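In listed order, ligands and their atoms are each counted from 1. FYI, the numbering just counts along the sequence from 1. Every value quoted in this text rests on a predicted model; they were computed, and no experiment measured them.
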Amino acid sequence: MRILVVGGGGREHALVWKLAQSPRVQKLFAAPGNAGIAELATCVDIAAEDTEGLLALVRQEKIDLTVVGPEAPLVGGLVDAFQKARCAGLLGSGRIFGPTRRAAAIEGSKVFAKELMQKYGIPTARAAVFDNPAAARSYIKELGAPCVVKADGLAAGKGVIVADDMAAALDAVEIIMVRRAFGAAGQRVLIEERLEGEEASVLAFSDGERVLPFLPAQDHKRIFDGDRGPNTGGMGAYAPAPACTPEVLREVEERILLPTVRALKAEGAPYVGVLYAGLMLTADGPKVLEFNARFGDPETQPLMCLMAGDLLELIEAALDGELERVRPVWHPGAAVCVVMAAEGYPGPYRKGDPIVGLADVPPDVVVFHAGTARRDGELVTAGGRVLGVTARGADLAEAVARAYDAAGRIHFAGVHYRHDIGRKGLTRLAAAQEGEAC
Ligand code: AMP
Ligand code: GLY
């Protein structure tokens, strides 16, 4: 099979890396890809949002399957455009994996997602929707703080402000709705109760009716150790996350993922693709913070390292509406991804610094590229998140130690990474062991 992966970050490198292991994959393409992906696939300089360019590539290269990484093309209707072209006989038998525009609204509009959850009784934070800043302010004054103010639309993961006090919440309305810091995404806001607990990410394949969850993972969204500083795209992830026990995972499947997929079908927008539930594990059970309409980044990096079976088979079963015929198989142990970021990230960051030390990384540690490029043959930084150093271990402690040992061998000017990826999981495992010993 000839496969195209759309996107050019660490998640897409992990997908390409995993697909390259499938005995049925003959040739891989990526658009636009990055310097790491270029070692496994033919990278074509077409942006993920360039629907016409992607359609032309698929026709020209006779691509059998397109896998979409980022949210923007999904929310913008890339899958719909491919399906239309296929019906018109323009793509041969070429298929695309990802939700349609209407189904991807679960990520594209936080208001749509919240109203769906409210209508179908899916556990989530209580929230109200406003399209007028004055009404939003008076609601905040009534509700009091802490609360969370969220821009409705896509804002590259930055449109959520967790406000500790009333002044910060009122300020958030000003930033999102009045100053329009996130553009049209701030036309409407959600004002939400703040939930307490530990966060987890549960991704699942969906064929429109059934779901097949991955191992639970945990992201680290803040830039600094101890979950301090501004939010980022994700500074590291690990799986399985012990906070999401098998019982909790079952609850997530039965009370969140399945009802959501059924709800979308009932609303006339069946969901085929990977559904990502960002969860708060509260004392009252798991509740949804957000849905994403795609593989998570960086959760996909450790998850692909842990997946033992063929990713292609799972994707095809979802596309065929036959998820019941497959089952993901996982390596034992755990995997950890430490993201190495450029100085300044998540604000304006340095670019063009040479990256050294990759040859010193042990061969069984995978360094997924995110923001990298080649300049006169030399590997240089080209994005905020530069690399995702990903290691598997017999347990979480070993995976953490191996990932950090490898990260310590890599260097570029201004490099920054967190030193506590996986720590919450380690603390929880240690406490459980102590409990058993007592
Ligand atoms: P979101 O993009 O909705 O997942 O929000 C980004 C981050 O904001 C989440 O990962 C949480 O850390 C935080 N957050 C969002 N909603 C809430 C909430 N209702 N309560 C507490 N924290 C939240
Ligand atoms: N890890 C967060 C995301 O993929 O949006």
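- D310 places no side-chain N or O within donor-acceptor distance of the main-chain N or O of S22, the cut-off being under 3.5 Å.
- Closer than 4.0 angstrom to ligand 1 lie heavy atoms from K110, A125, V148, K150, V160, V162, E192, E193, R194, L195, E199, K221, M280, L289, E290.
- Of the N or O atoms in R11, none lie within a sub-3.5 Å distance of an N or O in ligand 2.
- With respect to atom 5 (O) of ligand 2, the closest heavy atom belonging to the protein is R294 NH2, 2.8 Å.
- Taking only nitrogen or oxygen atoms, main chain and side chain alike, E299 reaches within less than 3.5 Å of ligand 2.
- Between F205 and F295, the two ring planes are perpendicular [angle over 60°; tilted spans 30° to 60°].
- Looking at ligand 2, you won't find any N or O of E290 less than 3.5 Å from one of its N or O atoms.
- Below 30°, between 30° and 60°, or above 60°: for F224 and H416 the angle between ring planes is above 60°, a perpendicular geometry.
- Near D219, the atoms of ligand 2 lying under 4.0 angstrom from a non-hydrogen atom of the residue are 1 (N), 2 (C).
- For ligand 2, the atoms lying closer than 4.0 Å to a non-hydrogen atom of Y276 are 1 (N), 2 (C), 3 (C), 4 (O).
- H369 and H13 have perpendicular rings, their planes meeting at more than 60° on a 0 to 90° scale where under 30° would count as parallel.
- With V288 as reference, I122 is the one residue of V202, L257, I122 to meet the side-chain contact (heavy atoms from CB on, under 4.5 Å) rule.
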From CA spacing to verdict: side chain to side chain donor-acceptor pair (under 3.5 Å), T100, D80: CA-CA 6 Å; T100 59; D80 311 62; 4.6 Å; no
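- Listed by number with element, the atoms of ligand 2 under 4.0 Å from a non-hydrogen atom of N292 are 3 (C), 5 (O).
- Which parts of ligand 2 touch G296 is read off a 4.0 Å heavy-atom cut-off, strictly below it: atoms 4 (O).
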